[in-house]
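Comments concern the structure below.
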There are 2 protein chains.
Amino acid sequence: MFTIGKLASLTSVSNDTLRYYEQEGLVEPAGKSPAGYRLYDKDSARRIHFIKHAQNCGFTLAEIRDLLVLRGRDKACCGDVRTRAIEKKLQIEHKIRAMKAMSKALDQLIAECANETQPVKECTIIAALERANVSMEMR
Amino acid sequence: MFTIGKLASLTSVSNDTLRYYEQEGLVEPAGKSPAGYRLYDKDSARRIHFIKHAQNCGFTLAEIRDLLVLRGRDKACCGDVRTRAIEKKLQIEHKIRAMKAMSKALDQLIAECANETQPVKECTIIAALERANVSMEMR
DNA sequence: CTTGACCCTGGAGTATACTCCTGGGTCTAG
DNA sequence: CTAGACCCAGGAGTATACTCCAGGGTCAAG
């Protein structure tokens with residue numbers, strides 16, 4: 001069991017952020033000290049890592065909370081989680097395609113702009129980005 | 001030449017958003033009507049598409065403005081754009097790796113949770129996400 | 001028994017990217 | 001010549017995800 005500052009440094013988030021997550025229903029301390037200090041355990045750290053990872057991958061805090069709540073409900077069916085997972089996977093795949101197109105466009109730009117003294121007008125970044133045909137319907 | 005509503009529907013953004021972009025220095029109308037209506041041309045539409053695409057790929061409006069401003073400066077060297085492009089490419093590659101890990105974790109989840117009536121506790125989404133080893137230092 | 005590091009709550013402030021509202025002018029079809 | 005659709009500026013409001021602050025309690029070391 002450790003206090004908030006410890007968990008904060010273990011997970012590289014701030015005390016404030018941890019309290020904010022608690023307020024938003026994402027993490028509960030494992031317990032409280034007699035003085036009212038939040039006390040956390042290893043599981044809390046795993047939960048924070050989970051949150052950060054999921055966030056990194058494009059889940060919002062609300063979505064993450066949903067997943068965490070589902071996990072908590074013994075009666076919830078796998079199907080619920082599965083549906084969400086499939087939905088999210090499609091979103092992620094879409095985003096990956098967009099990012100790959102962007103990456104390619106950047107590659108081209110980097111290659112073609114090797115001449116450092118050439119004026120920008122000759123650069124192809126804008127053309128490359130305009131060419132890249134990725135749908136716009138993403139958030 | 002067409003008015004703001006036309007451009008809005010052509011590019012699937014709202015009138016308000018277009019005015020906001022103008023305010024933020026991202027798009028100028030090609031001209032104004034005698035009554036003060038904004039008038040746009042095809043280039044405006046291309047610019048909006050560029051903005052939306054770049055945004056979709058993780059550029060912030062500030063970064064996009066920088067790129068657009070650079071394009072406008074005849075004297076700017078290709079090197080400036082190139083440096084930004086390389087930086088952004090690294091960020092994008094990092095993000096793509098994270099998303100791929102997430103996608104894989106989701107695949108696994110979807111496969112393992114094929115039994116729709118299985119309780120969530122048996123699901124592996126959290127485990128999968130916790131296993132996925134993607135660095136946390138991303139924004 | 002005090003000092004400094006740490007913790008608490010509650011609330012305000014920040015950045016980004018919109019989104020909506022008020023109160024008014026313009027334009028086109030019937 | 002009027003109704004309805006569209007445009008304007010300026011400013012307030014929203015959502016997300018923090019971040020900071022005030023005012024005060026707690027705890028371990030010396």
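First the proteins, then the strands, lettered A, B, ... as listed; each starts at 1.
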inquiry  = OP1 or OP2 of C:dA5 versus the side-chain N and O atoms of A:K6: is any pair under 4.0 Å?
reply    = no
note = Here the pair of heavy atoms bringing A:S33 nearest to A:L39 is N-CD1, 3.5 Å
task = Could you please name the option among C:dA17, D:dA9, C:dC8 that lies closest to any side-chain atom of B:L61?
result = C:dA17
query = Thinking salt bridges, do B:E93 and B:R97 make one under a 4.0 Å N-O criterion?
reply = no
Out of D:dC7, D:dC18, D:dT26, whichever nucleotide has its closest atom nearest the side chain of A:A35 = D:dT26
query = At their closest point, which heavy atom of B:E24 faces which heavy atom of B:R65, and how far apart are they?
reply = O-NH1, 2.7 Å
query = Quick one: is C:dC7 close enough that its OP1 or OP2 comes under 4.0 Å of any side-chain N or O from A:R38?
reply = no
request  = Take A:Y37 and A:D16, find for each the nucleotide of DNA chain C with the closest heavy atom, and name the residue whose nucleotide sits nearer the 5' end.
outcome  = A:Y37
task = Establish, with yes or no, whether the OP1 or OP2 oxygen of C:dT26 is under 4.0 angstrom from a side-chain nitrogen or oxygen of B:K32.
result = no
request  = When you get a sec, tell me which of D:dC7, D:dT19, C:dA17 is the closest nucleotide to the side chain of A:S14?
outcome  = D:dT19
query = So does B:K100 have more than 12 non-hydrogen atoms from other groups sitting under 6.0 Å from NZ?
reply = no
query = Hey, does the side chain of A:R19 come within less than 4.0 Å of C:dT9's phosphate (OP1/OP2), counting only N and O?
reply = no
inquiry  = With a 4.0 Å limit, can you tell me whether B:N15 has a side-chain N or O closer than that to the phosphate oxygens OP1/OP2 of D:dC7?
reply    = yes
query = Starting at the 5' end of DNA chain D, which residue's closest nucleotide do you reach first, A:T17 or A:S33?
reply = A:T17
